[in-house]
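Below is one structure, written out as structure tokens; comments come after it.
Chain letters run A, B, ... following the sequence lines, proteins first, then strands; residues in each count from 1.
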Amino acid sequence: MPPKKRTRSSAKANRNAGAVGPDDAVQNKTGKRKRSAAENSDLEKKKDDEGSKPSYSHWLMKSEPESRIENGVDVKFGIEDLKALPNQRGCWDGVRNYQARNFMRDMKLDQQSFFYHSNCKEPGIAGLMKVDVQFERMLKRFIPLSELKKHHMLHKAEGGPLKNMFLFSRARLSVQPLTAGKRSSKQIHNFI
DNA sequence: GCCAACGTTGGC
DNA sequence: GCCAACGTTGGC
């Protein structure tokens with residue numbers, strides 16, 4: 001098995017093939033620091049929002065396809081790296097942000113996730129994977145960030161499935177739902 | 001490499 | 001619980 005890799009928020013790689021690993025994704029290093037705002041809101045959700053959570057069907061996950069050394073470790077993990085793993089499967093670890101972690105907990109097996117290349121020469125969506133984490137396919141055509149933004153702006157103005165995108169409203173969120181509801185998911189899918 | 005955005009930490 | 005300092009993210 002290839003060595004475990006970590007990135008900043010995006011994350012990656014491949015310890016236990018076939019498992020999305022939200023449980024160990026975010027750790028409390030000391031176990032005694034204060035709860036973050038995100039953690040608190042998480043707890044509240046559990047308390048009084050049970051059952052009324054929106055259910056998402058498609059996701060977007062960011063990772064860095066270009067080499068960059070962080071703490072002596074190369075964090076590179078692009079879609080080609082996932083594709084190259086045994087069974088084209090890996091484990092998406094190293095996610096530290098609590099909201100991102102919570103989204104990972106909402107994921108269901110075999111849902112689709114778009115593989116976004118970030119912090120690189122050509123940021124954008126490169127391909128598709130299944131929540132498993134398994135490579136599914138490359139997109140017919142790479143969709144650069146600029147194009148995503150164009151669609152997003154248009155949908156915002158005229159209505160459309162991409163009118164709300166965490167990609168543009170929440171900086172630094174490495175795991176995010178792409179859309180809610182079956183209809184809009186389908187629309188998005190056709191799109192791509 | 002720069003730096004704006006923003007989440008986290010931790011003293012108070 | 002506030003908030004300044006700090007660290008990370010990620011486009012450019």
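B/dA5 atom C1' lies 12 Å from atom NZ of A/K62, rounded to whole Å. What separates CZ of A/R101 from C1' of B/dT8 is a distance of 14 Å, to the nearest Å. Going from atom CD of A/E66 over to atom P of C/dC12 covers 14 Å, rounded to whole Å. Taking atom CG of A/L173 as the reference point, atom P of B/dC6 lies 12 Å away to the nearest angstrom. Residue A/R172 contributes atom CZ, which lies 13 Å from atom C1' of B/dC3 at whole-angstrom precision. Counting to the nearest Å, the P atom of C/dG11 and the CG atom of A/N119 are 7 Å from each other. As rounded to whole Å, 12 Å separates atom P of B/dG1 from atom CZ of A/R68. Between the CZ atom of A/F166 and the P atom of B/dG7 there is a distance of 12 Å, given to the nearest Å.
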* To do: Quick one: do A/M129 and A/W92 satisfy side chain to side chain contact (heavy atoms under 4.5 Å, CB included)? Show the steps, please.
  => CA-CA 11 Å; A/M129 58 184 164; A/W92 205 273; 3.4 Å; yes
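Counting only distance, with no hydrogens or angles, the side chain of A/D74 and the backbone of A/K76 share a donor-acceptor pair below 3.5 Å. Distance alone, capped at 3.5 Å, places no donor-acceptor pair between the A/H151 side chain and the A/P161 backbone. A/E66 places a side-chain N or O within donor-acceptor distance of the main-chain N or O of A/K121, the cut-off being under 3.5 Å.
Residue A/Y116 places at least one side-chain N or O under 4.0 Å from the OP1 or OP2 atom of C/dG11.
When the nucleotides C/dG10, B/dC6, C/dC12 are ranked by their closest atom to the side chain of A/L145, C/dC12 comes out on top. Among B/dC6, C/dG11, B/dT8, the nucleotide with an atom closest to any side-chain atom of A/S118 is C/dG11.
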